[in-house]
Amino acid sequence: MGMYNDKVVEHFMHPHNVGEIDGASGVGVYGSPVCGDMMQMSIKVNDEGVITDAKFKTYGCGSAIASSSIATDMIIGKTCEEALKITNEDVIKELGGLPSVKIHCSILSEQSIKAAIYDYAQKNGLEFEGLKDFDPNADEDEAESCEVPEA
Amino acid sequence: MSEKRNVYLDYSATTPTKPEVVETMIPYFTEKFGNPSAIYTIGANAKDAIDDARAKIAELINADPREIIFTSGGTESDNWAIIGTARKLQKKGKHIITTKIEHHAVLHSCAELEKEGFDVTYLNVDHDGIVDLDELKAAIRPDTILITVMMVNNEMGAVQPIAEIGKIAKEHNIVFHSDTVQALGNVPIDVKELGVDMISMSSHKIYGPKGIGAIYIRRGYNLPEYIYGGAQENKKRAGTENVPGIVGFGKAAELARINFDAHVKHVSELRDHFVKRVLAEIPHTYYNGSREHRHPGNANITFEYVEGESILLYLDAKGISTSSGSACSSKSLQPSHVLTAMGIPVVLIHGSIRFTFGDPTTMEDVDYAVDSLKEIIARLREITSMNVDLS
Ligand SMILES: Cc1ncc(COP(=O)(O)O)c(C=O)c1O
């Protein structure tokens, strides 16, 4: 399908783990509808700090949906610390590549993972090394920057 | 849901060349290949074929054949009309009036002139996508040298009051150009009634070949040459003529004239059926643009809570080809300048899709597209992170 490889197509046509988790341990949202994409990630974390389930809901283009889908696959079974190490490049690699104009969509999933774990950490009074540079309001600055389209 | 089928719904992007058109073109690639500038018979025959095509295009718009000059398409005609006029009249003034909803062929020509010190006023449009004549009148200055307003918008199909603008331009002695690329064959064009000095036309939007178009230049208006070289096209546009393209464009123009009423009836029936079903059967959808003053085969629809590209990809998987002005991330791509000018919120622009219907489209195609859309929009609304209340 045009500029996307088969794996990306498979993930946006048949995304994995769509939805919300009842009684989630943490829920994070990143992005803004004004910018054209917004992702919500919910996670279930067990007593050992392992992510046992993850679900997403995404408003956005094909690659935003595909990046969200694969990100849920990537974090299930990982500890929070391990999941926090996932970068947008890891997401792109796992998808087998994204067109350069769509790199932004993989950042969305990296940030949503962090936002969900941040929420989990806040609720449980935990601190994670991987969250020390995380700014939960970063997407709001971004929304401002894309609110005014060029003439 | 019926079986998967291929349904093309992007006739405003381009059209398939009609088989009758292709047939008339073929001899001009092979046995009738002569250079129209040559004096021997096969050259003269090619010249006759060009003149025949010129007459057919003139007839479609009620012009004199001498007022038609062939170009490489709508883009070249727009560039030539605007930049050519600006440079010719710059001693008289450096102000140009256009609109916020023009095709990039016009907008980028104007932007180029701004770099050269011209001042451009971009008129607003109302929520229906139509310019306000009072705003136009108020924008006119002593140094205004050109008004350029498209006749039919390519994204949402609004038809502008070109004849009224023509009168205003004439009263103020200002040159008037209109991009009629989307209008040709879809709304009646009579250059005398419209009061235009120049219009731009393109063949591939009316079931002719790509890479060929024309500009109408009213007799008495002297647009300086833009492409320098040989003496072709009455010394107005140099370069050996694209004879097969011209012949094909001529045939397409002839068919557009003969089939005009049937074409308009056919595509408007399909469009109206499509719009009626979509608005009734898919909640939270909006029809963008004027209902009254509109291209007969254009529907522009917003699907709230979902993003346009994902709709296009899901439609493509169903065999349906169409397009949007929307983009995944405005970090790299801007939302449609046309829908923005109409005051549509950015979030809704992201979910807006253009469907354009053509002669080969059938009612079954339209029903298949609506059925597919119902399924796709429902699925994407399950995935979306925007809170959807479909009650
Ligand atoms: C309104 C309008 N103007 C100009 C053009 C450019 O025409 P062409 O493709 O022949 O250069 C188009 C086609 O996309 C159009 O829709």
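Below, read A as the first sequence line, B as the second, and so on, with proteins coming before strands; counting in each chain starts at 1. Just the heavy atoms: all of them, side chains too, but no hydrogens, waters or symmetry mates, feed the values below.
- Most heavy-atom pairs under 4.5 Å with chain A: of the set B:Ser310, B:Pro345, B:Ala341, this distinction falls to B:Ser310.
- Under the 4.5 Å side-chain criterion, counting only non-hydrogen atoms from C-beta, B:Arg379 is in contact with A:Val18.
- For the side chain to side chain contact (heavy atoms under 4.5 Å, CB included) with A:Pro33, the qualifying choice from B:Val346, B:Val347, B:Thr384 is B:Val347, the only one to do so.
- A 4.5 Å side-chain heavy-atom check between A:Ile65 and B:Leu380 finds at least one atom pair inside the cut-off.
- Taking CD of B:Glu382 as the start and NZ of A:Lys57 as the end, the distance is 8.5 Å to the nearest 0.5 Å.
- Note: B:Leu312 CG to A:Cys61 SG = 11.0 Å, rounded to the nearest 0.5 Å.
- Counting only residues at least two apart or in different chains, ring pair (Phe, Tyr, Trp, His ring centres under 6.0 Å) contacts with residues 106-141 of chain B comprise B:His104-B:His108.
- Rounding to the nearest 0.5 angstrom, the gap separating the CD atom in B:Glu309 from the OG atom in A:Ser63 is 5.5 Å.
- Annotation: A:Lys93, atom NZ; neighbour count of heavy atoms from other residues, nucleotides and ligands within 6.0 Å does not exceed 12.
- In this structure, the side chain of A:Tyr59 does not engage the main chain of B:Ile383 through any donor-acceptor pair within 3.5 Å.
- Along residues 38-49 of chain A, the residues that come nearer than 4.5 angstrom to chain B, judged on non-hydrogen atoms, are A:Met38, A:Met39, A:Gln40 in order of number.
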